[in-house]
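Remember, it's 1-based here, ligands and their atoms both numbered in the order they're listed.
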Amino acid sequence: MIDKLEYTNKHELIYLDQTLLPLKQKYQKTKSYKDVAEAIQKLRIRGAPLIGIAAAYGVVMGVHHYKTENRKNFEIHFYKVTETLRNSRPTAKNLFYALDRMTKVFEENIEKEFYEIEDLLLREADAVFDEDAELCKRIGVNGSELLGEKMTVLTHCNTGELATGGIGTALGIIYTAKNQGKEIFVYADETRPMLQGSRLTAFELYENGIEFDIITDSMAAMLMKEKLIDCVIVGADRIATNGDVVNKVGSYSLAVNASFHKIPFYAAAPGSTIDFDISTGEEIPIEERDPEEITRVNGEKITSDKYNVMNPAFDLVPNELITAIITEYKIHYPPYNFGSLKHMFQSYIQTLRNEQEDTE
Ligand code: MRU
């Protein structure tokens, strides 16, 4: 397992800087919640579940390193910390899911001693981390049912160990299938402009002994036409209750191409990615990122700064293009109605939590 993130007893966060992979494996260390927000914004820590986990620890650090005797100031500071982390990136639901959990713990225990509140916040951040690892395992087991004995899978962006608290979502399914003895070959989209596919997914697949080819994003349709792809599996940054999925830009194009070529298109994500408050994907904010991500490669200019650039980080895959959505609970088929499953997902997490507390 890749060591991607650790909260130490010195109240610092050590994380693998994902912008430098695979050429450098460098760990950064910080005691500042502002650094955590910046690391998320700059993609040093990325992937929907992992940014939620990092933000939860960011809250713990923000509280720990603030010294006051005054309860009002303590409260004001808490909301300043969570607000800074909330503003780091707008799309992935998991970020807000984790921060909402931290806020709930804070508000329910506001009368307690400061050190007790801090302990409870740390327990909650650990729970978000540990639960995500468990959810990944279950997604892996559920999703691997969709894979035959010998398959080629196309994936986009990075949805594995580097993006989650555990083995990953879409990639977790591939790892699970491989451990079950299935023969899986992966085509990894390079994922312009930040190259999460050719840098991060390739790194992980190599480390895990999975055979793969990196392809440019624009090659996918041709490979589908040539019957080289059995299915597409992607992750998700946010899912609406009608099953619309927002994921890394390029996912929509893959879904359209898969539908045209009659290839199954699957999305895999934990319940923490589902936004139970919104009914369609049109309501999901799509992050627009710095034009320099497109006009520069490793800081080197590759085109003129005079030219206009559009750089949305995500796109919307409408539910009618999605063959199935795999969660920790089960494989969901259309018509999707996640709204009716909210309590089921919540009680699932509660059961997991009870199980984890029993083993402590
Ligand atoms: O911009 P990124 O690298 O954070 O985008 C990541 C993705 O789009 C992933 O597919 C998604 O977060 C799911 S990760 C399990």
Just wondering, do Gln346 and Phe276 contact through their side chains at under 4.5 Å, heavy atoms?
no
Considering only the protein, which heavy-atom contact is closest to atom 13 (C) of ligand 1, and what is its distance?
Ala236 O, 3.4 Å
Atom 10 (O) of ligand 1: the protein heavy-atom neighbour that sits closest, reported with distance to 0.1 Å:
Asn247 OD1, 2.6 Å
Decide whether the shortest distance between a heavy atom of Ala92 and an atom of ligand 1 is less than 4.0 Å.
no
Would you mind listing which atoms of ligand 1 come within a distance below 4.0 Å of any non-hydrogen atom of Thr164?
15 (C)
Should you measure from each heavy atom of Phe314, which atoms of ligand 1 turn up under 4.0 Å away?
1 (O), 5 (O), 8 (O)
Cationic N near anionic O, under 4.0 Å, Lys330 to Glu145
no
For Ala48, counting its heavy atoms only, list the atoms of ligand 1 lying under 4.0 Å from any of them.
12 (O), 14 (S)
Side chain, backbone, both or neither: which applies to Lys248 and ligand 1 if a contact is any heavy-atom pair less than 4.0 Å apart?
both
Could Lys4 and Glu204 be called an ion pair, given the rule that one side-chain N must be under 4.0 Å from one carboxylate O?
no
Gap between atom CZ of Phe185 and atom OG1 of Thr152 - 0.5 Å precision
8.5 Å
How long is the gap from CD on Glu118 to CZ on Phe114, to the nearest 0.5 Å?
11.0 Å
Those atoms of ligand 1 less than 4.0 Å from some heavy atom in Gln196:
1 (O), 2 (P), 3 (O)
Between the CG atom in Asn9 and the OH atom in Tyr7, the distance rounded to the nearest 0.5 Å is 10.0 Å
Distance-only, no hydrogens or angles: does the Thr19 side chain make a donor-acceptor pair with backbone N or O of Arg44 under 3.5 Å?
no
Provide, to 0.1 Å, the distance between atom 4 (O) of ligand 1 and the closest protein heavy atom, together with that atom's residue and name.
Arg89 NH1, 2.8 Å
For residues Tyr57 and Leu5, determine if any side-chain heavy atom of one lies less than 4.5 Å from a side-chain heavy atom of the other.
yes
Can you tell me the protein heavy atom closest to atom 14 (S) of ligand 1 and the distance?
Ala163 CB, 3.6 Å
With heavy atoms and a 4.0 Å threshold, my read on which part of His156 contacts ligand 1 is neither
Return the option from Leu200, Asp237, Val246 holding the heavy atom at the smallest distance from atom 7 (C) of ligand 1.
Asp237
Ligand 1 to Arg46, heavy atom cutoff 4.0 Å, flagged ligand atoms 2 (P), 3 (O), 4 (O), 6 (C)
In the protein, what heavy atom is nearest to atom 15 (C) of ligand 1, and what distance, to one decimal place, separates them?
Thr169 OG1, 3.2 Å
Taking only non-hydrogen atoms of Gly47 and a 4.0 Å limit, the atoms of ligand 1 in range are 4 (O), 12 (O)
Does Lys248 make a cation-pi contact with Phe314, if we ask for NZ or CZ under 6.0 Å from the ring centre and within 45° of the axis?
yes
Classify the contact between Pro49 and ligand 1 as side chain, backbone, both or neither, using a heavy-atom distance cut-off of under 4.0 Å.
side chain
Do the side chains of Tyr97 and Thr273 get nearer than 4.5 Å, heavy atoms only?
no
Do the side chains of Ile139 and Cys136 get nearer than 4.5 Å, heavy atoms only?
no
For ligand 1, is any non-hydrogen atom under 4.0 Å from Leu50's backbone (N, CA, C, O), its side chain (CB onward), both, or neither?
neither
